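Heads up: the structure comes next, in structure tokens.
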Amino acid sequence: MALRMSTLFLRTLRENPADAEVPSHQLLVRAGYIRRASPGIYTWLPLGLRVMRNVETIVREEMDAIGAQELLFPALLPREPYEASGRWTDYGDNLFRLTDRKGADMLLGPTHEEMFTLTVKDLYSSYKDLPLAIYQIQTKYRDEARPRAGILRGREFIMKDSYSFDIDAAGLDRSYQLHREAYVKIFDRLGFDYVIVQAMSGAMGGSRSEEFLATATNGEDTYVRCGQCGYAANVEAVRVPAPAPAALDGLPAAHVEDTPDTPTIDTLVAHANAAVPRADGRAWTGADTLKNVVVTLVHPDGTREPLAIGLPGDREVDEKRLGAQVEPARVEAFEEKDFAAYPTLAKGYIGPGALGLEGTAAIRYLLDPRVVEGTAWITGANEPGRHVFDLVAGRDFVGDGVIEAAEVRDGDPCPTCGHGLESARGIEMGHIFQLGTKYAEALGLKVLDEHGKLQTVTMGSYGVGVSRAVACVAEGNHDEFGLVWPRAISPADVHVVVAAKDAATHAYADELTVALEAAGLEVLLDDRAQASPGVKFKDAELIGVPTIVVVGRGLAAGEIEIKDRRSGERRAVPVAEAVAEIVAEVAG
RNA sequence: CGGGGUAUGGCGCAGUUUGGUAGCGCGUCCGCUUUGGGAGCGGAAGGCCGCCGGUUCAAGUCCGGCUACCCCGACCA
């Protein structure tokens with residue numbers, strides 16, 4: 001049945017809503033696709049729901065094509081499985097929690113690893129049942145601290161999540177690859193520019209993880225890309241190429257110098273160049289200094305742990321990168337009262353001597369990958385106004401490990417080819433992830449192998465933000481007049497505008513609509529009697545169906561008009577050829 | 001959680017400085033006219049001016065407190 005504007009549950013707005021900033025949010029509200037119900041929670045009106053259903057269909061078709069089977073878990077879940085996996089606490093305040101009438105703790109599912117894992121455990125027990133891929137398209141709930149940008153980041157959203165179950169790593173690789181190929185097809189069909197980037201694989205088990213980012217200047221994720229070899233990674237996951245270790249022989253001995261009033265890298269470099277010039281005549285730079293930053297980690301159980309990070313002084317700690325490394329712990333600033341608890345830390349003059357689990361302050365000390373054996377540094381001497389020069393890594397100090405927490409800059413060398421990296425922003429649309437045995441182990445998912453021995457199942461996790469995709473496509477497909485949907489997810493194939501009020505024109509438009517539907521097209525028919533042609537044209541442009549057909553004054557001459565929403569091109573077509581021409585236009 | 005901003009018919013806004021009958025545009029309803037680029041004329045409905053308290057003869061407006069929402073950051077598919 002055609003959607004008739006005369007009865008469609010729709011009200012377009014002439015002006016942008018005051019609470020919307022990003023184009024997708026403004027246009028989806030203005031054009032009558034969504035309404036805000038509560039912060040980060042939206043009602044899907046008929047047009048919006050049709051678009052989302054179209055996205056779901058694409059996702060469903062590609063999932064089914066790789067043999068994944070659809071099921072549906074409840075959104076309202078018991079606490080126990082999340083307690084078992086540790087996420088009842090790990091998720092913190094982002095979990096929507098509630099209590100039933102008996103006082104039992106429940107939650108609204110933020111994602112369903114536990115339920116998938118437990119259900120497979122419930123039903124399967126043999127390697128012969130594997131591999132298995134199952135998925136659902138479902139509403140998820142996360143109590144985001146700050147929902148934003150309309151449906152780009154909501155507290156309730158629709159997500160397709162799937163999981164693969166394999167007996168071994170080789171199987172996981174195959175399942176992962178199948179999903180990867182399916183995702184490429186999904187995002188190609190959805191109609192926006194995207195890039196596949198390496199992502200954080202998480203703290204446990206995972207070995208491979210990639211994100212599908214829609215390129216968008218106002219995106220929340222920053223990624224880097226190498227124009228030479230094609231390497232691309234979320235900035236959180238960028239691996240800094242470590243220089244080769246240098247020999248320790250013949251390096252000058254470390255020496256402590258007075259460096260009064262040099263609590264910052266800039267003041268230190270200036271002082272060093274004036275008072276302790278380099279033997280080779282080159283000037284000291286921030287990159288010759290080793291900056292030691294102390295932060296506080298707050299673990300999910302509430303315990304606090306100081307952490308020191310040693311990195312070249314010309315770089316800041318990137319809080320997102322650091323946060324991704326220490327997850328699920330949270331990073332907080334190391335404050336004055338914390339310094340008071342560690343009297344051997346001289347603020348502004350902290351050096352490796354005080355750090356490390358063997359150091360005087362006994363704080364865990366992790367080093368930037370650039371700080372390899374044989375590199376010499378200017379760094380704090382752990383007393384106010386004093387620094388150590390020629391302090392050599394591997395000879396004079398060692399860290400407790402390596403951490404990727406330093407900021408990444410445009411022009412930094414690509415980890416695979418050395419060419420300069422460039423950064424850009426994107427919106428995370430999909431994430432594929434080799435989970436490994438994290439959840440299978442936590443929840444006891446094992447099957448018997450061909451030798452009759454129990455094996456822990458290895459899992460992959462794969463998500464697509466379905467509702468986010470609607471916003472994301474809108475974000476990338478609009479102009480000054482309104483939305484411009486890609487054909488694959490447009491709420492209709494063709495928007496027929498009746499630009500006249502006489503009965504004959506309306507009757508013809510009805511006939512045309514019936515004929516187009518018989519030809520397999522979905523039609524949005526603007527049959528409103530009272531609206532002027534101008535209003536109808538404006539609404540058609542705002543709503544954004546890619547093909548607009550105008551039935552109006554040309555009808556007297558036996559013609560209708562076909563307009564391409566994206567290019568604005570229009571052409572007159574004889575009535576006799578109208579259906580064929582429109583079908584051809586929609587077919588592309 | 002830190003910073004900034006906003007709150008007045010369905011939507012967008014003015015009015016608050018200087019207290020005195022709550023306004024404008026759009027939308028909605030009725031009538032007539034009008035139909036190729038957000039029509040015209042006439043009429044109408046619709047408001048606890050975010051909430052609570054205070055000052056005052058009188059508060060949308062002044063004072064105190066609170067709440068909600070939006071944006072930036074922290075945080076996060």
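Here is the naming used below: chain letters follow the sequence lines, and residue numbers restart at 1 for every chain. What you see below is based on every heavy atom in this structure, not just the backbone, and it leaves out hydrogens, waters and symmetry mates. This one's a predicted model, so the numbers in the text were calculated from it and none came from an experiment.
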As a test of reading the structure: which of B/G12, B/C76, B/G37 is closest to the side chain of A/Lys538, going by heavy atoms? B/G37

Please state whether the base of B/C70 and the side chain of A/Arg148 form at least one donor-acceptor pair under 3.5 Å? no

Could you let me know what B/C62 is paired to, Watson-Crick or G-U wobble, both distances under 3.5 Å, or none if it's on its own? B/G54

In the structure shown, which nucleotide is the Watson-Crick or G-U wobble counterpart of B/G46, with both distances under 3.5 Å? none

So, are A/Arg155 and A/Glu144 salt-bridged, with charged N and O less than 4.0 Å apart? no

note: A/Ile151, atom CD1; B/C76, atom P; distance rounded to Å ~ 23 Å

Closest approach of A/Tyr82 to A/Gly109 (non-hydrogen atoms, all atoms of both residues): OH-CA, 4.5 Å

Interatomic distance at P, B/U17 relative to B/A59, whole Å: 14 Å

Please state the P separation for the pair B/U61 and B/A45 - nearest whole angstrom. 26 Å

What is the distance, rounded to the nearest whole Å, between atom CZ of A/Phe537 and atom P of B/U35? 14 Å

Indicate, with yes or no, if the rings of A/Phe73 and A/Phe116 have centres closer together than 6.0 Å. yes

Base-pairing assignment for B/G37 (Watson-Crick or G-U wobble, both under 3.5 Å): none

Using a 4.0 Å heavy-atom cut-off across all strands, classify A/Glu144 as base, sugar-phosphate, or nothing. base

Can you sort out the partners of A/Thr505 under side chain to side chain contact (heavy atoms under 4.5 Å, CB included), two or more places apart, ordered by chain and number? A/Val498, A/Ala500, A/Asp502, A/Val551, A/Leu555

Pick the closest RNA chain B nucleotide for A/Gly150 and for A/Phe481 by heavy atoms, then say which residue is nearer the 5' end. A/Phe481

If you measure from the Lys or Arg side-chain nitrogens to the Asp or Glu carboxylate oxygens, is any gap between A/Arg208 and A/Glu210 under 4.0 Å? yes

Assign A/Ala531 to base, sugar-phosphate, or nothing according to its heavy-atom contacts below 4.0 angstrom with the strands shown. base

Any donor-acceptor pair under 3.5 Å between the side chain of A/Asp539 and the base of B/G38? yes

Could you let me know what B/U6 is paired to, Watson-Crick or G-U wobble, both distances under 3.5 Å, or none if it's on its own? B/A68

Given atom CG of A/Asn94 and atom P of B/C76, what is their separation to the nearest angstrom? 8 Å

Sugar-phosphate only, base, or nothing, as touched by A/Lys563 at under 4.0 Å among non-hydrogen atoms: base

For the residue pair A/His179 and A/Tyr462, does the interplanar ring angle fall in the parallel (under 30°), tilted (30 to 60°) or perpendicular (over 60°) class? parallel

Gap in Å between the two P atoms, one belonging to B/C63 and one to B/G12, rounded: 27 Å

Touch check for A/Ala469, heavy atoms < 4.0 angstrom, all strands: base, sugar-phosphate only, or nothing? nothing

Nearest-Å distance for atom pair CG/C1', residues A/Asp19 and B/C70: 7 Å

Rounded off to whole Å, could you give me the CD-to-C1' distance for the A/Glu561 and B/G36 pair? 8 Å

Using the P atom on both, measure B/G54 against B/G10 and round to a whole Å. 28 Å

Let me know the distance between CD of A/Gln530 and P of B/C30, rounded to the nearest Å. 10 Å

Closest listed nucleotide, where the reference is the side chain of A/Lys501 and the choices are B/C70, B/U34, B/C26: B/U34

Whether A/Phe192 and A/Phe187 hold their rings parallel, tilted or perpendicular, with breakpoints at 30° and 60°: tilted

Assuming nearest nucleotide by heavy-atom distance, tell me which of A/Ile158 and A/Arg155 is located more 5' along RNA chain B. A/Arg155

Using the P atom as the point on both nucleotides, what is the distance between B/G47 and B/C62, in whole Å? 25 Å

Quick check, are the ring centers of A/His495 and A/Phe537 under 6.0 angstrom apart? no

If you check every side-chain atom of A/Val535, which of B/A39, B/C70, B/G27 has the closest atom? B/A39

With a non-hydrogen cut-off below 4.0 angstrom, is A/Val550 in contact with a base, only sugar-phosphate, or nothing? base

What is the nucleic acid contact for A/Arg570, judged by heavy atoms within less than 4.0 Å: base, sugar-phosphate only, or nothing? base

Whole angstrom value for the distance that separates P of B/C29 from CZ of A/Arg11: 7 Å

Using a 4.0 Å heavy-atom cut-off across all strands, classify A/Gly552 as base, sugar-phosphate, or nothing. base

Which base sits across from B/C11 as a Watson-Crick or G-U pair, both distances under 3.5 Å? B/G25

Salt bridge check: are A/Arg4 and A/Asp526 linked by an N-O gap of less than 4.0 Å? no

Considering only heavy side-chain atoms of A/Ala18, the closest of B/U28, B/C13, B/C11 is B/C13

Base-pairing assignment for B/G19 (Watson-Crick or G-U wobble, both under 3.5 Å): none

With hydrogens left out and only the distance checked, is there a donor-acceptor pair under 3.5 Å joining A/Arg146's side chain and the base of B/G3? no

Work out how far the P atom of B/G23 is from that of B/C49, and round it to whole angstrom. 13 Å

Which part of the nucleic acid, if any, lies within contact of A/Ala500, taking any heavy atom under 4.0 Å across all strands shown: a base, the sugar-phosphate backbone alone, or nothing? sugar-phosphate

Counting the atoms with a prime plus P, OP1 and OP2 as sugar-phosphate, which does A/Gly430 contact under 4.0 Å by heavy atoms, base, sugar-phosphate, or nothing? nothing

Distance-only donor-acceptor test, A/Glu541 side-chain atoms vs B/G37 base atoms, 3.5 Å: yes

Whole angstroms only, please: what is the NZ-P distance between A/Lys536 and B/A39? 12 Å

Kindly say if A/Ser532 contacts the phosphate of B/U35, meaning a side-chain N or O under 4.0 Å from OP1 or OP2. no

Pairwise C1' distance for B/U6 and B/C13, with rounding to whole Å: 13 Å

Separation of the P atoms in B/G60 and B/G9, to the nearest angstrom: 14 Å

